[in-house]
Each structure stands twice: as C-alpha cells, then as structure tokens.
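These notes are about the structure you will find just below.
When a residue number appears, it is its place in the shown sequence, counting from 1. Order of appearance sets the numbers: ligands from 1, and atoms from 1 within every ligand.
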Amino acid sequence: MSAAGSSDVSARGPIGVVGAGWVGLVTAACFAELGHDVRAMDVDEAKVATLDDGELPFHEPGLPELVERNRERLRFTTSMEDVLEVARLLFVCVDTPPTYSGDADLSRVRAVIGNLPPEGEFAIVMKSTVPAGTGASIKRDVPGLAYVSCPEFLKEGSAVEDFMHPDRVVIGADSGDEWAADEVAAAYEPLDGELVRTDVASAEMIKLASNAFLATKISFINEIANVSELVGADVTEVARGMGLDERIGPSFLRAGIGYGGSCFPKDTQALKQLAGNTGYHFQLLNAVIEVNELQKRRVIGKLEKHLGSLVGKEIALLGLAFKPDTDDMREASSLVLAARLQGEGAQVRAYDPVAEGAAQELLPAVDLAESAEQALDGADAAVLVTEWPEFAELDWGGLRERMSNPLIVDGRNFLDAAALREAGFTYEGIGRPNGGAGGG
Ligand code: UGA
C-alpha cells in the first residue's frame, strides 16, 4: 500500500458502515477522510440524531475534528436501505459483547445479516470481533452473500492514528468472494502498512490470537513483577532489559494492576470458550485470565501493609478509565478495585479527568471528586489507577500536606518514585521493591 492521500480521490466508491459505535465511527470518519462518501447506519435513533447534530457520544482524540472536516461526505441514517442504495462494501461494526457463558454474543451480527437481502451487488466486510468460524456459518446460512473478514486493530485513544497508519491490514475471503476482497484492498490502498490477504477463518483467528497474545504479554510481565517484589528486582528495569531483545520487543511489558477495556477481557474469554467448545483446553489463556483477575486485587495487600485494616480508611483513586485518553470504563480495573476496597470497609473517592459520566452510573457508592486535589484532601492513601499525564504534573509536594497520610500506591509505575519519596511520601509501585527504583 502507498502513502496516505496519494491516490485519486474521485476513484473512491461509497462505503457503508453498520453500527455507529466506536469502531464504526472511526472507520466511517477515516474512510470519509480518504475521500469516500460514507453512509453510517445505526438502529439507535437517538445516537443518529446526536451525530446529525455534530456531537460524538464518546471521547476519542482527533475524531471530532475528522467528523467535522468531512461532514459533506458523512451521512448518518437509521435505514439499511439508505446504505444499500449506494454502497457495495458494508463494513459491519456492531458490538459482540460477552454472554454469561463467555462466548461472544453474535445476536447483533445476526440481526444485521437477517436484515439484508440474501444476495445483491454488495459484500459484507466483518469488522466486529467474531469467533473463528462465524464467516463460514454466515456463508452456510446465506450462500448468496459475499463475505470478507477485515478485523480491526485500533486502540482506543489513538484509533484515528492507528487507522491511518496501520501495522497491517488483514483481509480474509474464501473462493468466489475474491472480487470483494479486492475492493476492500483498494479501499485501504492509500494507507501504508502491510496487506495480509488470507482466508476467512485465518483472518478471524489473527484477530483473536493478536489480542490474546498481547494480554499474555501483560499477564506475563505482571507475574514477573510479582516475583520481582519477592526477590528484590525492579520490573521496570527487567522489562527494559528484556524489551531490547528484538524477538521480545519493548511494548506491552508495562506491569500494573491488570488489563481492562472492552476488548482484551472479552476476546480472551471468547477465545478460551471457542477452544473449549471445539474440545480444546487452552491452558495458557486460562492462566492469563486468572493472573489478570488477581492482579487487580493486589493493591489491597499493599494498602493493608501500611495501613492495617482498611475499615473506615479514606482511599483516593486517581483515574477510573481502563486506560488514559478514553472515557471507557468497561472492565476497568478501577471497578474491581473500588468494590474490593468497599468490601474491606474503606471509603472510596475518585477523580478521573473524563470518565466522570460513566463512573456515576457504574460506581454509585464512590464519591466523585472534581479534581485530583479534592480527591486527595484528607485521604489515608492515594492509588494511581489510570496513568493520565496530568497526574504526573500535580504539585505532589503541596498535596502531601493535604493528605492525612502520605501513602501512594502507583498501580501503573507511572509517577516519579524518587521525587515522591523525596517529598516525604511512602511510595509503593508494582514489582518495585523498597518503594521503586531510586527510591531507596
Ligand atoms: C486493544 C488492542 O491493543 C487493539 O489492537 C485492538 O484492536 C483492540 O483491543 C480491540 O480488540 O478492539 P484497547 O482495548 O484500546 O486495544 O487497549 P490497549 O491499549 O491495548 O490496552 C488494553 C489494556 O491493557 C489497558 O487496560 C492497559 O492499561 C493495559 N496494558 C497495556 C497494560 O497493563 N500493560 C501494557 O504494557 C499495555
């Protein structure tokens, strides 16, 4: 693929997007930016009205500007006919949340397919994360539909950048649907990044395996952190030394209080179930999931080490979103942590720069502060949960006086341990003995 923006814009055909959630909107706005007319459909009338008013239902850096800049080329609708009227490629971006059994819930995907004519001059391009085998099953049910698997690898918080500069674009199609795969490849042609053309089942598996591997890296480094604490090593140093081996690589080796979000927890569970359903016990993935669950709770032990019983203690959580630059709190470590702290009898207050709206609903018993300073006022301990850059900029020297007890548990190894200890804090990181490197 060539550099972004180098192709002839007039050659780009209209694109349909079904599901105007986070993946769908990013996909729609980015294809509009590349010069396509895009019709994005969602069954939620209120959401379509909001989008028509030029507002976005969630926080994603760069996306509002992109939507605004491409308003002429972006149309939102609740009608599938509107989309099919013009689009040959139908990017399906509906969500596939976990069911009670841990399998992915495909009801929204099935509803989309059920609403389509059984054949026509269009192709389904599946972006929703689905179990391997879903494409084959849809083709069995509706053999006249052209079907392409094109999983998305966007990260929340940098989704626009990731779309425009992908590491790779995976396009899976089976025999008979190559024409559709060619058209999808043409749509991505202006972008840099490797193109992986393969069959549908392999494309589906690439997505699940990629997320499972990244989750494995995180659980692995978290276990190394836990062992490091016992043997007097510093996991940030260990990760630095490991990451320089190009077979290992430096990314996703940040130890902390576990991964969250709408993808890793759901997709690891779904792959585990998918394996189980086909008679395979995926041992490694089971361990990855269990390590992540336990990791979220380790903060409690660290607090108790310094405070004893947590009954009546006031604990301030800094950050609630599952990671910075998003207001998404799905499967956030903060949810488990807040519930565990309350279970131990602590009073929990919290501050997050953007996730307040989501937090009000999900954490009704947590006191939400309007600033980090307010959250820390009179607190017996602070726990850094999400590494928002503004937390590194706080006047920690001044804040020490405002807290009842100057204890910081840095759940992301994000703050300057040495400076905090200098300022009189007791600092506990994750996998960093004696309060963190340089902390003495
Ligand atoms: C993840 C993948 O990175 C994307 O490639 C994929 O497209 C997406 O899921 C998806 O399936 O839709 P995302 O959930 O936005 O993207 O978040 P990540 O940046 O991957 O972070 C996930 C979690 O891992 C966060 O809670 C983060 O704090 C944690 N993490 C990440 C660590 O604890 N340590 C690390 O070294 C890296």
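- Residues Arg110 and Thr134 bring no donor and acceptor atom of their side chains to less than 3.5 Å of each other.
- Between Gly256 and ligand 1 there is no heavy-atom distance shorter than 4.0 Å.
- At under 3.5 Å, not a single nitrogen or oxygen of Thr129, backbone or side chain, sits near a nitrogen or oxygen of ligand 1.
- Dense packing is recorded around CD of Glu293, with more than 12 heavy atoms of other residues, nucleotides or ligands lying under 6.0 Å away.
- Atoms of ligand 1 lying under 4.0 Å from at least one heavy atom of Glu156, given by number and element, are 15 (O).
- In terms of protein heavy atoms, atom 11 (O) of ligand 1 is closest to Lys207 NZ, 2.6 Å.
- For Asn211, every heavy-atom contact with ligand 1 shorter than 4.0 Å involves the side chain, none the backbone.
- Proximity annotation for atom 14 (O) of ligand 1: of Phe252, Phe264, Phe322, Phe322 comes nearest, heavy atoms only.
- Under the 30°/60° scheme for interplanar angles, the aromatic rings of Phe31 and Phe91 are found to be tilted.
- With hydrogens and angles left out, the side-chain atoms of Asn226 and Gln295 include a donor and acceptor closer than 3.5 Å.
- The aromatic ring centroids of Phe220 and Phe213 lie 6.0 Å or more from each other.
- Residue contacts with ligand 1 for Lys217 are absent, since no atom lies close enough (heavy atoms, distance under 4.0 Å).
- Considering both main-chain and side-chain atoms, Lys155 never comes within under 3.5 Å of ligand 1 through any nitrogen or oxygen pair.
- For atom 23 (C) of ligand 1, the closest non-hydrogen atom on the protein side is Tyr259 CB, 3.6 Å.
- The pair Lys155-Asp325 does not count as a salt bridge, with every side-chain nitrogen at least 4.0 angstrom from each carboxylate oxygen.
- For atom 5 (O) of ligand 1, the closest non-hydrogen atom of the protein is Phe153 O, 3.0 Å.
- Trp22 and Glu156 share no donor-acceptor pair across their side chains, judged by distance under 3.5 Å alone.
- By the 3.5 Å distance cut-off applied to N or O atoms, Ile218 is not counted among the residues near ligand 1.
- Inclusion of Glu387 in the set of residues having an N or O under 3.5 Å from an N or O of ligand 1 is not warranted.
- Assignment of Gly261 to the shell around ligand 1 is not supported, since no heavy atom sits closer than 4.0 Å.
- Residue contacts with ligand 1 for Asp267 involve side-chain atoms from C-beta outward but no N, CA, C or O (heavy atoms, distance under 4.0 Å).
- Of all protein heavy atoms, the one closest to atom 36 (O) of ligand 1 is Arg254 N, 2.9 Å.
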Set out, in order, the CA-CA distance, both residues' side-chain angles and the distance that settles side chain to side chain contact (heavy atoms under 4.5 Å, CB included) for Glu229 and Arg298, then state yes or no. CA-CA 12 Å; Glu229 282 177 10; Arg298 284 179 64 88; 3.1 Å; yes
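- If you check the side chains of Asn222 and Asn292, you find no donor sitting under 3.5 Å from an acceptor.
- Contact between Val83 and Val17 at its shortest, heavy atoms only, is CG1-N, 4.5 Å.
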Step-by-step side chain to side chain contact (heavy atoms under 4.5 Å, CB included) determination, Ser228 to Val238: CA-CA 9 Å; Ser228 292; Val238 177; 4.2 Å; yes
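- The protein heavy-atom contact nearest to atom 18 (P) of ligand 1 is Lys323 NZ, 3.5 Å.
- Here Leu154 has backbone heavy atoms under 4.0 Å from ligand 1, and that is the only part of it that gets that close.
- Counting only heavy atoms of the protein, atom 9 (O) of ligand 1 lies nearest to Cys263 CB, 3.2 Å.
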